[in-house]
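One structure below.
As the structure is a computational prediction, the values presented were derived from the model and not from experiment. First listed ligand is number 1; within each ligand, the first listed atom is number 1. Residue numbers count from 1 along this sequence.
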Amino acid sequence: MHTILAIESSCDETSASVVSDGKIRSNIIATQDIHKQYGGVVPELASRAHEKNIVPVVQQALEKANITKQQLDAVAFTQGPGLLGALLIGNCFAKGMAMALNIPLIGVNHMEAHINAHFIAENKPEFPFLCLTVSGGHTQIVLVTDFGKFEILGETIDDAVGEAFDKTAKLLNLPYPGGPLIDKMAKNGNSKAFIFSIPEVPDFNFSFSGIKTSILYFIQKNTVQNPDFISENLADICASVQFTLVEILMRKLKKAAKQFHIKTIAIAGGVAANSELRKRIIEESEKNDWKYFIPDFEYCTDNAAMIAISAYYKYNNKDFVWLDAVPNARMAIGT
Ligand code: KG4
Ligand code: ZN
């Protein structure tokens with residue numbers, strides 16, 4: 001049996017997880033609330049919070065898994081992409097542990113890990129499959145042909161879909177991160193109440209900056225006429241925006257599935273927690289005879305279990321990094 005400790009610190013969640021032979025034994029996540037008052041993640045504050053959280057989070061992950069440090073066979077960390085200062089904390093901590101315990105070090109790509117979260121559950125997708133990877137920083141359609149083999153078929157040319165959710169929420173005076181709140185408000189709204197146009201973007205790429213601007217103008221125009229427009233229509237605005245954002249994602253995903261003749265479809269990343277997206281994936285799977293894979297909520301938003309499961313496969317391939325491994329804020333998928 002081999003046991004790995006994994007650390008995730010790419011953005012505003014400090015997380016640690018223990019995996020033994022592909023089974024997740026613990027997944028501790030400390031969310032940094034400090035950013036709420038600023039309406040977005042403040043990189044320097046994220047680094048400081050990681051520094052404060054990392055020791056207790058790692059300790060709790062080991063305790064929950066009933067593992068001592070001496071029983072570890074490797075230490076894994078998120079190498080990128082993410083905030084450089086935040087990544088550095090996990091990177092330095094993991095290096096320190098690997099050196100002290102004289103065990104190998106494993107660097108994991110955060111976006112690959114979101115996709116690999118599908119290998120945590122018993123029911124795993126078969127290759128090849130398409131994964132719509134949707135988070136606060138990325139929007140990609142990825143063709144996954146094997147463990148660690150990823151090809152990006154399309155991605156956003158500007159903002160990520162999570163960013164579109166969060167920025168819309170900010171316009172509606174909702175706190176950060178707004179994605180989950182829009183989802184919650186939308187439940188009581190009419191998704192056809194307001195119509196926003198779908199951008200025309202070639203191939204399998206996405207664009208979310210135009211829609212963000214049209215939502216801004218829409219709110220400005222209506223608030224001039226009625227200062228209470230937002231509060232009187234909040235549920236309908238949320239439902240309509242959410243419908244449009246999910247429609248943009250689904251159109252491209254359907255197009256890619258058709259063109260590549262792929263019927264195994266997965267979603268991953270923070271926005272995969274969105275209830276409209278989850279519902280549409282199930283509906284389209286029935287219509288198109290897809291086999292669909294949706295991760296548990298715990299494994300959609302940032303977590304170290306997805307880093308741990310990725311590290312498990314890397315360990316089996318002896319895919320280690322040296323102690324001079326540095327974080328890469330813009331680390332590309334499949335590198
Ligand atoms: O994967 P993640 O936790 O962090 C990044 O790697 O970026 O994704 C965070 C993003 C945020 O933009 C957040 O608003 C969005 O995921 N998100 C949601 C929902 N839950 C999280 N967006 C829409 N609906 C949700 N239920
Ligand atoms: Zn993420």
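The cationic atom of Arg278 (NZ for Lys, CZ for Arg) lies less than 6.0 Å from the six-membered ring centre of Phe297 and within 45° of the ring axis. Geometrically, Lys314 does not engage Phe320 in a cation-pi contact defined by less than 6.0 Å to the ring centre and at most 45° from the axis. Both tests hold for Lys192 against Phe243: distance to the six-membered ring centre under 6.0 Å, angle to the ring axis within 45°.
Atom CD of Gln225 has more than 12 heavy atoms from other residues, nucleotides or ligands within 6.0 Å. Heavy-atom contacts from other residues, nucleotides or ligands closer than 6.0 Å to NZ of Lys254 number more than 12.
Asp302 contributes OD1 as its N, O or S atom closest to the Zn ion (ligand 2).
Heavy atoms of Cys11 stay at 4.0 angstrom or farther from ligand 1.
Between Phe229 and Phe218, the two ring planes are perpendicular [angle over 60°; tilted spans 30° to 60°].
Residue Gly136 has at least one N or O atom closer than 3.5 Å to an N or O atom of ligand 1. The distance criterion of under 3.5 Å between nitrogen or oxygen atoms is met by Gly162 with respect to ligand 1. For ligand 1, the polar-atom distance check finds no N/O of Gly178 at less than 3.5 Å from any of the ligand's N/O atoms. Residue Asp166 has at least one N or O atom closer than 3.5 Å to an N or O atom of ligand 1. Looking at Glu13 next to ligand 1, no N or O pair under 3.5 Å apart turns up. For ligand 1, the polar-atom distance check finds an N/O of Gly179 within less than 3.5 Å of one of the ligand's N/O atoms.
Of the listed residues (Ala117, Pro81, Gly270, Ala113), the one carrying the non-hydrogen atom nearest atom 8 (O) of ligand 1 is Gly270.
At least one N/O/S atom of His114, whether from backbone or side chain, sits less than 2.8 Å from the Zn ion (ligand 2).
The part of His114 lying near ligand 1 is the side chain, judged by heavy-atom distances below 4.0 Å. With a 4.0 Å heavy-atom cut-off, ligand 1 is reached by the backbone of Asn274 and by its side chain too. The side chain of Asp183, and not its backbone, has at least one atom closer than 4.0 Å to an atom of ligand 1 (non-hydrogen atoms only; side chain from C-beta on).
Ligand 1 places these atoms under 4.0 Å from at least one heavy atom of Ala273: 20 (N), 26 (N). Taking every non-hydrogen atom of Thr301 and a distance limit under 4.0 Å, the qualifying atoms of ligand 1 come out as 3 (O), 21 (C).
The single protein non-hydrogen atom nearest to atom 15 (C) of ligand 1 is Val271 CG2, 3.9 Å, given as residue, atom name and distance. Of all protein heavy atoms, the one closest to atom 2 (P) of ligand 1 is Asp302 OD1, 3.3 Å.
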